[in-house]
Amino acid sequence: MTPTDVLPAKSDGARPVRVRFAPSPTGSLHLGGARTAIYNWAFARACSGSFILRIDDTDPERSTPENIAQIISALQWLGIDWDEGPVAGGDYGPYFQTERAATYVQALETLRANGWAYRCFCTPAELALMREAARAKGGSSGYDGSCRALSEEQSQARADAGEPFVWRLKIPADHGPIAFDDAVCGHTEFPEDSVDDFVLVRSDGSPTYNFASIVDDATMAITHVIRGNDHVSNTPKQILVLEGLGAQIPTFAHLSMINGPDGKKLSKRHGSTGVEEYADKGYLPEALMNYLALLGWSLDGETTLIDADTLKTRFSLEHVAKRPANFDFAKLTWMNGEYLRAMETDQFAQLMVERLAREGLCPPDDFARRPDWYQALAPMVSERAKLLTDIAPITRFLFVDVVKPDETARAKVLDKDPELVQRALRATLEALEAVEIWDVAHIEAAMADLPDVVDAKPRLAYQPLRVAIAGSTVSLPLNESMELLGREKTLARIRTLLQTMPEA
RNA sequence: GGCCCGUUCGUCUAGCGGUUGAGGACACCGCCCUCUCAAGGCGGAGGUCACGGGUUCGAAUCCCGUACGGGCUACCA
């Protein structure tokens, strides 16, 4: 097999769309990476193309199996599926760069055969000096190409003698500016002298990112390279490699960066930057995907709630914004609430039990044991929760044995008008003790005239009861709460609170 | 230093030369609903479209410059 066999033939015919997400596993999947993955995935789906996951692990120092596993599970959590890559397999593998050494060797062979590569023996010290001098002169600060002067014999002899060297790209002297039409940024041009003869293969034989990545894109027949804005300056280098290889040049689409709320680069300082942290914090994958999709892309400027199915059919590169976006936690959180409320009752109830069980408030199989109870509770909770982590605080009073009035309840209710509290609680107790059938309808009927009985405004008449059963001035609706709590517990809590009240 | 890019309400965005007195969403404020909190409904405030020059009958929309912000400038990715 000759090197060119692995390269797609140059052709003007429309190729089937193939895009890839190629994270380097030097850390977990962060928000920016997740958005890039979502755009690639949505684009592939909308074009009926293929979405490929490739692990760009050419940095041996920082790449770890743990990071790879984490990235994969984060993508799965988000609901992103890939047609080729780790787990999925595919015809263009392997999908780990560390397993693709042969491909890079072949690509280098092709480059050499085409006169596009040469050995460089310069030492790091020499290189540093060179950069310094170039920068002082005020021009571009790249490699000056001194090893180009070496003849093939000299070069080979020094290599044979064991002198360390790297392979550099030999950019044709009269090349001219390198231009490409970015699907997001539009026409982009780089002067030829702004790109230097960069390193292709390190002295240890491993390929650099700018070489391996684009060779893989070519051999994997990638048609659209959708990636972060930080790669714009790498693009001319990669195009040059493609030219040297005689390979087809894909369409590039560079996405703007995501900044923190303060407009500065997103970092831990702003809160969570890793996708899995959002799962822990109680965000739904659908909400995170929706939010991230809208951070730099819009469907029509009006629609804000966009589900995965819509993304998969309507996503397009044309509406991707050029400018960087600031991450807004408040909007993400609002959106999460929207998705929570849109959930089917049973589905939400299951999530609820999962969360409660995690807190030790109920057994893991509690939903199966009393589905009706949870189905009644679920809508009241989903209406109030913004995050999954809100569930436990909201419902805790239904699961614990005793509730203790919190500080606000003390100050604003119990201590404020003890006399009214006792009056209201006694009246409530009396009314509830008479309830024959313990359900919302009967409880409600019994409680309806409480304000008249205690001669207080409704809000004041009912607050003591709320404190008694929930220990708080804020709770789920009372009648429903009492039904769910059960007759005995409800009455017991009212009596308990009454006993703690000072004698009037 | 050099090379590239960006700049519309606090934030995310719509806008591709006239139909825009710049539209939507989050957040904020008010009212309604109401046993609290939410949810929901209604309404409000918030933008001299970074700035300065052009081009044009007409510019947020096209061109040039300035300022500010960002990226790259490694044998990192």
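Letters A, B, ... mirror the listed sequences (proteins, then strands); counts begin at 1.
Counting any heavy atom pair closer than 4.0 Å across all strands shown, A:His254 reaches no nucleic acid atom. Contact annotation for A:Val232: backbone-only contact, meaning every heavy-atom pair under 4.0 Å involves sugar-phosphate atoms and none involves a base. Residue A:Thr58 is in sugar-phosphate contact alone, with no base atom involved, counting any heavy-atom pair closer than 4.0 Å across all strands shown. A:Gly228 comes within contact range of no nucleotide atom at all, as no heavy-atom separation falls under 4.0 Å.
The side chain of A:Asp230 sits closest to B:rG71 out of B:rG71, B:rC75, B:rC3. In this structure, the nucleotide among B:rA77, B:rG6, B:rG15 sitting nearest to the side chain of A:His319 is B:rG15. Here B:rC4 is the nucleotide among B:rC4, B:rC75, B:rA77 with the atom lying nearest to any side-chain atom of A:Thr188. Looking at the side chain of A:Glu302, the nearest of the listed nucleotides B:rC3, B:rU7, B:rG24 is B:rG24. Ranking B:rG6, B:rA74, B:rA77 by closeness to the A:Pro324 side chain, first place goes to B:rG6.
Judged by atom type and distance alone, A:Ser256 does not reach the base of B:rG6 through any side-chain donor-acceptor pair under 3.5 Å. The base of B:rC75 lies close enough to the side chain of A:Ser203 for a donor and an acceptor atom to sit less than 3.5 Å apart.
Remark: B:rG1 base-pairs with B:rU73; criterion is Watson-Crick or G-U wobble with both hydrogen-bond distances under 3.5 Å. Using N1 to N3 plus N6-O4 or O6-N4 for Watson-Crick, or N1-O2 and O6-N3 for G-U wobble, each under 3.5 Å, B:rC31 pairs with B:rG41.
B:rA22 and B:rA27 are spaced 25 Å apart, taking the P atom of each and rounding to whole Å.
Ring geometry, A:Phe329 versus A:Phe327: the interplanar angle exceeds 60°, so the pair is classed perpendicular (tilted spans 30 to 60°).
Both A:Ser206 and A:Pro191 sit near RNA chain B, but only A:Pro191 has its closest nucleotide nearer the 5' end. A residue-by-residue look at A:Trp297 and A:Thr303 shows that A:Trp297 has its nearest nucleotide of RNA chain B further toward the 5' end.
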Let me have a per-nucleotide readout for nucleotides 26-44 of chain B, 5' to 3', with B, S or -, counting only protein heavy atoms under 4.0 Å. SS-------BBBBSS----
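Salt-bridge check for A:Glu419 with A:Arg423: passed, with a basic side-chain N closer than 4.0 Å to an acidic carboxylate O.
Across every non-hydrogen atom of A:Thr58 and A:Ala212, the tightest pair is CG2-CB, 4.1 Å.
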